[in-house]
Protein chains: 2
Amino acid sequence: MSDPTPGLNSQQLGAYFALMEVSSLLQYAVEEHLRADGDLSYVQFEILARLVDASEGRLRMTDLADGLVYSRSGLTYQVGLLDKRGLITRSPSPDDERSVIVSVTAAGRDLIARVLPGHVDRVRQLLIEPMTGEDLTALGAILGRVRDHMRANPPRSAKPRAARNRTT
Amino acid sequence: MSDPTPGLNSQQLGAYFALMEVSSLLQYAVEEHLRADGDLSYVQFEILARLVDASEGRLRMTDLADGLVYSRSGLTYQVGLLDKRGLITRSPSPDDERSVIVSVTAAGRDLIARVLPGHVDRVRQLLIEPMTGEDLTALGAILGRVRDHMRANPPRSAKPRAARNRTT
DNA sequence: TATTGTTATACTCTATAACTATA
DNA sequence: TATAGTTATAGAGTATAACAATA
């Protein structure tokens, strides 16, 4: 027997919709800025930001792929674009000849440095400004817990089997 | 640690990152389910859900477009797909011959009814379950305020769709 | 054999601009 | 002229599968 799955109550629905709309608007605004100011997609920004953050400014492709929600081919595509623009370089790993080490270039660091202030401005203006200090603390704590829960229950493994429903 | 990102403190950054990651994972999970269970993209689901919610199950294209963050051509494309599948119909408006009325069909309602339980399950499992009742109340209230703020301050410097400036 | 990464390919989605028709 | 919607088109992005190289 399947569990009874009553719909969400209005409070739960409200939180869900608010989350989706807020993140959607924020994402839209942030992507618009990154594109206009640095000709970067959000994914590309994320890749560069991770590299800038990483020790010595380099990471293996696999490490990058694990952090993002992307397929490997998609990552190769995006990294290829960054490579063409001279924002990163790729080199074989000395430890493991199969691996590729991605490194930020000075140009890549410069671009992030140039784009970051405007990025932060948008985030502050849209997300931070309307919140009180208490709101901020609460939001960070709650979403932090939710994130941990989501990481522990990855949606991908929640549906390991591609068993398609037969025509009902 | 030195301040890595001038402008946002670690608490603000934490809330921002948590929001982006939570919404990203939730969006991913939900889209995966809708695709697998109903062969629907999230946009298509949103369109159908709005129509089901609307009075008499119909809305004008313009009303649909206003609710979503889409270009008109993008909406036409998606509605066209739904039309091909018999989930909606399009008819000229009696009031204004320029307008097109989009109506959900019985098949469209059936599909939403079939997909909704699984959709709700995912949302509950990922987002609702890890939160206490207090969390839920707080999250809804905070994000509701943020949403209102975002709506009031649309960062659309690059999308002057509405005729706000007539001196051009 | 398993893992790392690339490539070839096909497909979905989105936006811009030109277009029709109505107001 | 302005608005509602469609179409043509072009481009970005993504995933899958086949592939080569290394562990």
Side-chain angles (χ1 to χ4, degrees), chain A residues 24 27-28 31-32 34-36 38-47 58-85 88-103 155-156 159 162, chain B residues 24 27-28 31-32 34-36 38-47 58-85 88-103 156 158-168:
Chain A
S24 171
Q27 181 106 23
Y28 187 86
E31 282 192 348
E32 185 183 62
L34 289 174
R35 181 66 68 191
D39 196 24
L40 287 174
S41 69
Y42 189 74
V43 191
Q44 291 165 1
F45 173 74
E46 261 190 304
I47 293 172
R58 48 201 172 91
L59 288 171
R60 296 182 310 155
M61 288 290 287
T62 294
D63 299 327
L64 278 173
D66 287 350
L68 310 169
V69 199
Y70 278 44
S71 63
R72 287 170 176 253
S73 64
L75 180 60
T76 295
Y77 171 76
Q78 292 293 346
V79 166
L81 293 181
L82 296 175
D83 198 350
K84 275 182 195 164
R85 292 175 60 182
I88 60 99
T89 58
R90 281 179 283 189
S91 54
S93 165
D95 305 332
D96 186 335
E97 284 292 327
R98 294 172 303 181
S99 290
V100 167
I101 302 274
V102 184
S103 309
R156 279 175 184 258
K159 243 198 164 180
Chain B
S24 172
Q27 180 105 23
Y28 187 87
E31 283 192 347
E32 186 185 58
L34 290 175
R35 181 65 68 189
D39 196 24
L40 287 174
S41 69
Y42 189 75
V43 191
Q44 291 165 0
F45 173 74
E46 260 190 304
I47 293 173
R58 47 200 173 90
L59 289 171
R60 295 181 310 154
M61 288 290 286
T62 294
D63 300 326
L64 277 173
D66 287 350
L68 309 170
V69 199
Y70 277 47
S71 64
R72 288 173 175 253
S73 64
L75 180 60
T76 296
Y77 171 74
Q78 293 293 347
V79 167
L81 293 182
L82 296 175
D83 198 350
K84 275 182 195 163
R85 292 176 60 183
I88 60 100
T89 59
R90 283 180 281 190
S91 55
S93 165
D95 306 331
D96 185 338
E97 285 290 328
R98 295 171 303 180
S99 290
V100 166
I101 302 272
V102 184
S103 308
R156 298 179 183 174
K159 284 196 81 175
R161 181 70 176 174
R164 102 174 86 149
N165 191 357
R166 301 184 177 177
T167 56
T168 8

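Each chain gets a letter, A, B and so on, in the order the sequences are listed, and its residues count up from 1.
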Colleague: How many angstroms lie between OG in Ser24(B) and OH in Tyr28(B), if you round to the nearest 0.5 Å?
Modeller: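 Reported value, rounded in 0.5 Å steps: 9.5 Å.
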Colleague: If I take atom CD1 in residue Ile88(A) and atom C1' in nucleotide dG5(C), what distance separates them, rounded to the nearest angstrom?
Modeller: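 The distance from CD1 of Ile88(A) to C1' of dG5(C) comes to 13 Å, rounded to the nearest Å.
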Colleague: For Leu59(A) and dT4(C), give me the distance from atom CG to atom C1', rounded to whole Å.
Modeller: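 Leu59(A) atom CG is separated from dT4(C) atom C1' by 15 Å.
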Colleague: Asp95(A) has an atom CG; how far is it from atom P of dT3(C), in whole Å?
Modeller: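 Distance, rounded to whole Å: 19 Å.
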Colleague: At under 4.0 Å between heavy atoms, what does Thr76(B) touch on the DNA or RNA strands: base, sugar-phosphate, or nothing?
Modeller: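 Base contact - Thr76(B) has a heavy atom under 4.0 Å of at least one base atom.
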Colleague: Which atoms form the tightest heavy-atom contact between Gln78(A) and Ser41(A), and what is the distance?
Modeller: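 Taking Gln78(A) first and Ser41(A) second, the nearest heavy atoms are OE1-OG, 4.1 Å.
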Colleague: As an exercise, state the distance from CG of Leu68(B) to OH of Tyr42(B), rounded to the nearest 0.5 Å.
Modeller: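 Answer rounded to 0.5 Å: 10.0 Å.
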Colleague: Are any protein N/O atoms closer than 3.5 Å to N/O atoms in nucleotides 8-13 of chain C? If there are, list each pair with its distance.
Modeller:
unit_1: dC13(C); atom_1: OP1; unit_2: Arg35(B); atom_2: NH2; d: 2.8

Colleague: To the nearest Å, how far apart are Leu64(B) CG and dT6(D) C1'?
Modeller: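 Atom-to-atom, Leu64(B) to dT6(D), this comes out as 15 Å.
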Colleague: Going from CG on Asp83(B) to OG1 on Thr89(B), what distance comes out if it is rounded to the nearest 0.5 angstrom?
Modeller: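 If we round to the nearest 0.5 Å, Asp83(B):CG and Thr89(B):OG1 are 7.0 Å apart.
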Colleague: Could I get a table of every N or O pair under 3.5 Å where one atom is in the protein and the other is in nucleotides 18-20 of chain D?
Modeller:
none

Colleague: Identify, between Arg98(A) and Gly74(A), the residue whose nearest nucleotide on DNA chain D lies closer to the 5' end.
Modeller: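 Going by which nucleotide is closer to the 5' end, it is Gly74(A).
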Colleague: Check whether any side-chain heavy atom of Ile47(A) sits under 4.5 Å from a side-chain heavy atom of Leu75(A), and report yes or no.
Modeller: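 Sidechains of Leu75(A) and Ile47(A): in contact.
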Colleague: To the nearest 0.5 Å, what is the distance between OG on Ser99(B) and CE on Met61(B)?
Modeller: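 Taking OG in Ser99(B) and CE in Met61(B), the distance rounds to 10.5 Å.
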Colleague: CD of Gln44(B) to CD1 of Ile88(B): how many Å apart, nearest 0.5 Å?
Modeller: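 It comes to 10.5 Å.
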Colleague: Please state how far atom CZ in Arg90(A) lies from atom P in dA21(D), giving the value in whole angstrom units.
Modeller: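 These atoms are roughly 17 Å apart.
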Colleague: Residues in ring pair (Phe, Tyr, Trp, His ring centres under 6.0 Å) with Phe45(A), at least two apart?
Modeller: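 Listed in chain order: His119(A).
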Colleague: Would you mind reading off the distance between Asp83(B) atom CG and dT6(D) atom P, rounded to a whole angstrom?
Modeller: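 Distance check: Asp83(B) CG to dT6(D) P gives 9 Å.
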